[in-house]
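Computation of the quantities below employed the complete heavy-atom set of this structure, encompassing side-chain atoms and omitting hydrogens, waters and symmetry-equivalent molecules. A, B, ... follow the sequence lines: proteins, then strands. Residue 1 opens every chain. Since the model is a prediction, treat every value here as computed from it, not as a measurement.
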Amino acid sequence: MVRPGHVNANVAPKPTSVSDFAPGDDARWATLVQSALGAALARYGATPHLATNQDDATPERVLADWTAFPSRISNCLTRDHARLLLDWRTLRGDQGRQYQEEYAEWRTVLSDDGKIRRFELTTELPDYWLWLAGRNPARTIELIASFAGEPSVDTKAVYGKDESTLVSMSDAQRESAFERNMLKTGDSPYNNGMRAICCMRQPTNTLDALLGLVVASARRRLARDEVTGLVRCANAGETIPQLRGAAELGRNSDPVVVEQLTRLAFEGRRMALDGLPGVYIHGIQLERLVAPDGSPIPPDSFTFQRTTGADPNLAHDMVRTQRLVLEVPPEHGICIGDLIDVATGEPIRFGADLADLVQLAVHIRTSAPGVVQGAADPLPRAPPDPDTAHGACDDFQAAWRDFEVGLNMPSSGASHPDSA
Amino acid sequence: VSDDRLQEGIYSRRGERPPPCYRLLLLNFLPHTEPGQARPALEQIFTMLGDLRKGNVRDLGGQDDEQIAKAAGELGETDRMFAFGARLFDHKLHDPPLLAAPRPGYLVSLTDDGDPFPAVPWSSDRDRWGGEADIAIQLTGPSEAAVNRATVEIWKLLADEKLPLDVVASFAGFSRRDGRGWLDFHDGVSNIESSERIVAIQTGADPDWMAGGTYMAFLRFAVDLAAWRGLTRTQQELIVGRDKLTGQPVLDVRRGPGGEALPVTEATVPDEETSPAGTDFREPPEVADPIVKASHLQRANRNRASPWAPAGQRIYRQGYEFLERLDGDGITLGLNFVSFQADLGTLRRVLHLPGWLADVNFGGPAAPSPGDPPNVRLLSLLAGGLYCVPPGGTPFPGAELFDDPSSAPGAPAG
């Protein structure tokens with residue numbers, strides 16, 4: 001059974017009890033998040049529809065959900081080209097990551113025959129990992145080793161420094177070292193897909209981007225229909241051009257968050273982020289995958305990691321998870337690359353094929369309707385050109401011109417110890 | 001919309017309403033049809049249907065102007081739409097191959113092995129032919145006479161001209177003017193505002209020949225009306241998510257004396273400021289109660305987003321109901337669920353995503369607690385198929401697909 005607001009129960013994760021932080025650091029992380037929220041409010045302006053803290057005035061829970069396959073690149077390049085680009089791997093790692101712009105990034109591990117054997121997807125924010133890497137390097141290394149399936153990881157591969165040097169560095173210095181190696185264009189194999197994927201690194205998959213999206217969207221915006229003259233809630237095509245870069249048309253994620261929050265504001269609701277801000281894995285379209293003989297995929301092929309319970313006091317706790325691993329246990333005699341997606345009739349060839357199955361969500365709390373009585377920001381009457389719904393394509397088209405066939409070999413050569 | 005290139009037969013433009021009568025005719029090319037025979041065959045059919053609208057009936061050559069005008073009066077508003085199924089692209093089924101173009105991404109045959117969708121099984125009365133074919137011709141018009149005559153004229157043409165096509169099946173349907181369906185509830189009330197429909201319907205250039213076209217799902221659902229009528233009105237309203245009489249969305253749930261869930265709807269009709277454009281269109285408001293969230297209305301439009309948000313998973317529905325059988329053995333009726341969408345992946349996600357329609361057959365909680373509406377299995381699939389609908393063109397829509405069949409690759413398209 002799957003209830004709204006819950007991760008697929010057929011592959012339900014268990015909340016982790018391990019804290020990443022030393023005592024006190026979790027509160028300081030929450031303070032940093034509040035500070036980032038304040039910066040977003042300063043950039044996009046305060047809104048009466050967004051509370052900066054959860055309070056009793058926002059008891060209801062809602063979410064906006066989308067799938068992790070980046071729709072904009074597909075619309076710009078065709079689905080076939082998009083899948084090639086999104087899974088593009090070179091000797092420097094997964095170049096395709098820079099186009100994975102839906103608040104989820106993935107890597108694949110291939111078998112010797114080139115078929116996908118393992119798929120790992122994360123929605124963990126780089127900001128969080130930067131903070132963690134600065135304050136708790138031991139936990140950082142421990143987690144990365146577990147992601148890579150290795151007993152230990154050399155700190156040089158993560159920070160560019162040996163362990164003894166790391167101890168003597170300040171938090172800020174460790175952050176910088178981690179950022180240089182693991183984020184942006186850093187080429188550590190532990191976050192470029194060659195040995196592991198640790199957290200997101202695509203430039204817009206960040207805490208600031210997510211908060212900016214929420215803050216800029218949580219406003220009552222109206223549009224007047226050009227034909228009937230009636231007023232209605234503005235759509236993403238009308239709203240996003242007004243958001244000063246806070247959202248991108250054509251994506252799965254941004255427009256649906258914009259429209260959901262705009263509509264909640266339209267109903268006069270106050271909103272707040274539900275728990276620490278993040279994008280969470282909400283479900284999987286399991287029934288789309290079948291074995292070559294038509295049988296269902298074994299449920300133990302899915303593992304959720306990095307899970308937390310948002311509120312342990314709730315009867316139906318909303319478990320939040322940010323990492324997904326898909327690998328068919330060897331006793332079944334097939335691998336992921338043998339599975340068929342019944343929606344396309346094709347075997348799974350790309351990580352992007354699996355990203356299309358993963359449902360992501362951002363969780364919001366709201367008040368009852370009519371709590372906020374505010375003036376609306378009027379929008380122009382001219383309807384947007386439908387062609388703009390697919391979003392801007394220049395960057396993707398340029399990337400496709402530069403695309404060369406990448407590596408077609410196992411990413412690390414080593415079998416993941418989690419695979420029996 | 002200036003760049004609207006959709007074929008006729010999709011009634012999404014402002015002020016348009018689908019005509020009341022529907023027939024879908026499915027055709028397969030005969031085995032070993034040569035590519036050079038396929039294109040002229042389709043062109044002949046398309047041309048004949050155009051002539052028919054002008055009142056020119058093949059078997060009645062020589063009619064005077066008055067008779068032609070009478071025929072045109074009956075047939076003139078019959079719209080024809082050509083669509084191609086996954087089968088047409090399958091080189092294993094066509095030797096020699098008829099097309100060089102590869103099959104579009106999500107254009108697949110519905111599975112025979114198991115249920116076609118996670119929560120919708122095949123009907124035990126499943127039609128022998130299943131709804132899949134090389135070619136689907138949708139005929140819509142003002143009367144049964146109009147669409148049925150057009151259908152039979154195609155049959156005559158196939159025979160007279162020995163065209164290399166077999167009739168596979170045909171399916172009929174009708175629409176109601178009261179905006180309700182067999183369940184007696186309002187249907188199609190929240191079917192995308194007309195100014196936004198083109199974004200949901202019209203596809204891009206992937207593949208090139210589909211630019212400006214759309215994709216059609218034809219799903220002939222049998223409705224278990226006896227099971228539906230066995231529910232109380234309250235249960236029905238909670239499952240649908242609307243008040244049965246007014247059509248107002250259910251907003252909340254309260255509990256009756258026996259713990260039974262009771263729907264709470266809006267007390268008043270909203271004013272202009274909160275009522276979106278168009279008297280025939282309205283998005284449901286946000287709800288918090290899990291039973292309301294589990295209703296069909298909320299599941300089918302879970303994000304309440306417009307087509308400008310791809311994750312809103314919006315599709316444009318243009319369904320026609322049917323009564324297939326009523327005799328001593330019982331009744332078979334249901335809905336020809338016909339939808340048009342820019343991407344068939346959108347429909348798949350609606351039917352496969354948790355919390356949407358993947359975990360319940362029609363609506364309501366998937367695992368109801370005492371007092372909740374029951375999880376009733378209402379729908380099963382009698383026949384169905386997915387089709388690509390190329391943009392309008394001459395000599396017939398999609399004709400360029402057949403332009404250079406000699407370059408068809410030898411390898412099967414799958």
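- Panel note: side chain A/Asn235, backbone B/Pro307; no donor-acceptor pair is recorded below 3.5 Å.
- For A/Val256 against B/Ala311, the heavy-atom pair with the smallest separation is CB-CB, 3.8 Å.
- Each of A/Ile240, A/Asn75, A/Thr67, A/Asp254 has some count of heavy-atom pairs under 4.5 Å with chain B, and the biggest count is that of A/Thr67.
- For the pair B/Trp308 and A/Ala236, the tightest heavy-atom approach, listed with the atom from each and the gap, is CB-CB, 3.9 Å.
- The two residues A/Pro386 and B/Val199 have their closest heavy-atom pair at CB-CG2, 3.8 Å.
- Between atom OG1 of residue A/Thr78 and atom CG of residue B/Asp208 there is a gap of 9.0 Å, rounded to the nearest 0.5 Å.
- The local environment of CZ in A/Arg270 is sparse, with at most 12 non-hydrogen atoms from other residues, nucleotides or ligands closer than 6.0 Å.
- For the set B/Gly105, B/Gly204, B/Pro207, B/Ala358, the count of heavy-atom pairs under 4.5 angstrom toward chain A peaks at B/Gly105.
- Using a 4.0 Å cut-off between a side-chain N of Lys or Arg and a carboxylate O of Asp or Glu, B/Glu286 and A/Arg263 do not qualify as a salt bridge.
- Taking 4.5 Å as the heavy-atom cut-off, the residues of residues 346-353 of chain B that approach chain A are B/Arg348, B/Arg349, B/His352, B/Leu353, ordered by number.
- For B/Ala205, the part lying under 4.5 angstrom from a heavy atom of chain A is the backbone only.
- For the pair A/Pro369/B/Pro285, no side-chain contact is recorded, criterion being any heavy-atom separation below 4.5 Å from C-beta on.
- Using a 4.5 Å cut-off between heavy atoms, A/Thr344 touches chain B through backbone and side chain atoms alike.
- Heavy-atom minimum distance, A/Ser71 versus B/Pro310: OG-CG, 4.0 Å.
- Listed for the A/Glu259 side chain is a donor-acceptor partner under 3.5 Å among the backbone atoms of B/Ser306.
- No salt bridge links B/Lys293 with A/Glu60; every basic N to acidic carboxylate O contact stays at or beyond 4.0 Å.
- Heavy atoms from other residues, nucleotides or ligands lying under 6.0 Å from CZ of B/Arg377 number 12 at most.
- Neither the backbone nor the side chain of A/Leu77 comes within contact range of chain B; no heavy atom of the residue lies under 4.5 Å from a heavy atom of that chain.
- Ionic pairing of B/Arg302 and A/Asp65 is present here: one or more N-O contacts between side-chain nitrogen and carboxylate oxygen are shorter than 4.0 angstrom.
- In this structure, the side chain of A/Gln359 engages the main chain of B/Pro354 through a donor-acceptor pair within 3.5 Å.
- Between the OH atom of B/Tyr106 and the CG atom of A/Asp356 there is a distance of 3.5 Å, given to the nearest 0.5 Å.
- Counting heavy-atom pairs closer than 4.5 Å to chain B, the top residue among A/Arg72, A/Arg269, A/Glu346 is A/Arg269.
- Remark: A/Ser74 OG to B/Asp206 CG distance equals 6.0 Å, nearest 0.5 Å.
- The contact between A/Thr388 and chain B is made by backbone and side chain atoms together, counting heavy-atom distances below 4.5 Å.
- The shortest distance between side-chain heavy atoms of A/Arg79 and B/Asp343 does not fall below 4.5 Å.
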